[in-house]
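Each ligand, and each atom within it, is numbered from 1 in the order the structure gives. Owing to the predicted nature of the structure, the values given are computational and were not obtained by experimental measurement.
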Amino acid sequence: MNIAVLASGSGTNLQALIDSAARGELGPARLAVVGVNVADCPALGRAQAANLPTFVVDHRRFAARDDFDRALVAALDLHRVDLVVLAGFMRLLGPAFLDRFGGRVINIHPALLPAFPGVHAQRQAAAYGVKLSGCTVHFVEAGVDSGPVIAQAAVPVRDDDDEESLSARILVEEHRLLPSVVRALAEGRVTSEGRRVRITGSWPMGESLRSM
Ligand code: GRF
């Protein structure tokens, strides 16, 4: 299964996928290409350091979102992509993209959806005062962070947490969760019935986390 990763920032989730692949932990998933929309983002450097094919599609070059989406599709279509992983990709994708890759796009979000969708999820969670937060990997549909949940991992929110400390604790779980989901998808162990997504077979995150 050919995986494309789209990123915009530091790329630590991309790095987790690269490291998992190097350890043989992604099963039949193969990182085929990494695309970014920010030419100087660290994620691009991580992909290049891992000798992965890369492309840059700068959203600022496009007046209309559809045109940006179509440029992304054109770049991905060079690589026979089976699954698109949004790993800190900070642009919303519209119908021109989702119609092409429908049902084969996943995103990682740093909160327990449906709580705290959108940007600054960790800041929102800390400010709200929840006692648990975490991360969610979900299928991408039209709408912000609203597609069916594939898997989640929870972390405690401590009394003295701020956005930074909570983000760091969540990120540790993101780096475990995302490769686990990519592997399960590549191994054909993810089934959906409406919004309810089930992962069968082995699950390295632990049984309790699978059902959280
Ligand atoms: C992560 O917290 C991810 O959940 C969110 O953006 C951040 C990206 O981090 N969507 P990185 O670029 O993978 O380091």
Side-chain angles (χ1 to χ4, degrees), residues 3-22 25-26 29 31 33-50 52 54-59 72 83-93 97-98 105-128 130 132-141 143-157 161-183 185 205 209 212:
I3 311 292
V5 180
L6 298 182
S8 305
S10 61
T12 64
N13 278 290
L14 166 64
Q15 190 68 54
L17 290 169
I18 291 169
D19 294 345
S20 295
E25 290 173 5
L26 282 190
L31 297 176
V33 60
V34 174
V36 302
N37 65 308
V38 180
D40 58 356
C41 71
L44 183 63
R46 292 177 189 271
Q48 289 165 341
L52 294 173
T54 61
F55 65 83
V56 180
V57 178
D58 185 343
H59 59 278
L72 281 177
L83 176 73
V84 180
V85 177
L86 308 183
F89 186 64
M90 302 307 286
R91 307 301 300 175
L92 289 178
L93 296 169
F97 188 92
L98 296 175
V105 186
I106 65 171
N107 178 49
I108 183 150
H109 181 74
L112 294 177
L113 292 171
F116 313 122
V119 293
H120 303 305
Q122 306 95 325
R123 188 191 302 172
Q124 292 182 58
Y128 194 94
V130 291
L132 285 173
S133 192
C135 51
T136 302
V137 178
H138 63 94
F139 286 114
V140 175
E141 292 180 344
V144 179
D145 300 324
S146 61
V149 170
I150 305 172
Q152 296 183 305
V155 304
V157 182
D161 266 335
D162 56 15
E163 180 180 13
E164 197 182 336
S165 60
L166 180 57
S167 298
R169 191 172 311 117
I170 293 171
L171 208 48
V172 172
E173 296 304 321
E174 293 187 41
H175 297 163
R176 300 176 63 212
L177 192 67
L178 186 58
S180 301
V181 170
V182 168
R183 178 177 192 151
L185 282 161
M205 300 291 292
L209 285 176
M212 273 185 91

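At a 3.5 angstrom cut-off on N or O pairs, Leu14 does not count as close to ligand 1.
By the 4.0 Å heavy-atom criterion, Ala43 is excluded from the residues contacting ligand 1.
Atoms of ligand 1 found under 4.0 Å from any heavy atom of Gly88, numbered from 1 in the order shown, are 6 (O), 8 (C), 10 (N). Those atoms of ligand 1 with a heavy atom of Pro110 less than 4.0 angstrom away are 2 (O), 4 (O), 5 (C).
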Candidate pair Val84 and Phe89, rule side chain to side chain contact (heavy atoms under 4.5 Å, CB included), full reasoning: CA-CA 11 Å; Val84 180; Phe89 186 64; over 6 Å; no

Candidate pair Thr136 and Phe116, rule side chain to side chain contact (heavy atoms under 4.5 Å, CB included), full reasoning: CA-CA 11 Å; Thr136 302; Phe116 313 122; over 6 Å; no

Audit row: Asp40, Val38, side chain to side chain contact (heavy atoms under 4.5 Å, CB included) steps and yes/no: CA-CA 6 Å; Asp40 58 356; Val38 180; 3.3 Å; yes

CA sep, side-chain torsions, deciding dist, call: Gln122, Asp161, side chain to side chain contact (heavy atoms under 4.5 Å, CB included): CA-CA 10 Å; Gln122 306 95 325; Asp161 266 335; over 6 Å; no

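Considering only non-hydrogen protein atoms, atom 12 (O) of ligand 1 sits nearest to Gly11 N, 2.7 Å. At the top of the distance list for atom 9 (O) of ligand 1, counting protein heavy atoms only, stands Asn13 ND2, 3.9 Å. What sits closest to atom 10 (N) of ligand 1 on the protein, heavy atoms only, is Ile108 O, 3.2 Å. For atom 1 (C) of ligand 1, the nearest protein heavy atom (residue, atom name, distance) is Glu174 OE1, 3.1 Å.
No donor-acceptor distance shorter than 3.5 angstrom exists from the side chain of Gln15 to the backbone of Ser10, with no hydrogens or angles considered. The backbone N or O of Ala29 sits nowhere less than 3.5 Å from a side-chain atom of Arg183 that would complete a donor-acceptor pair.
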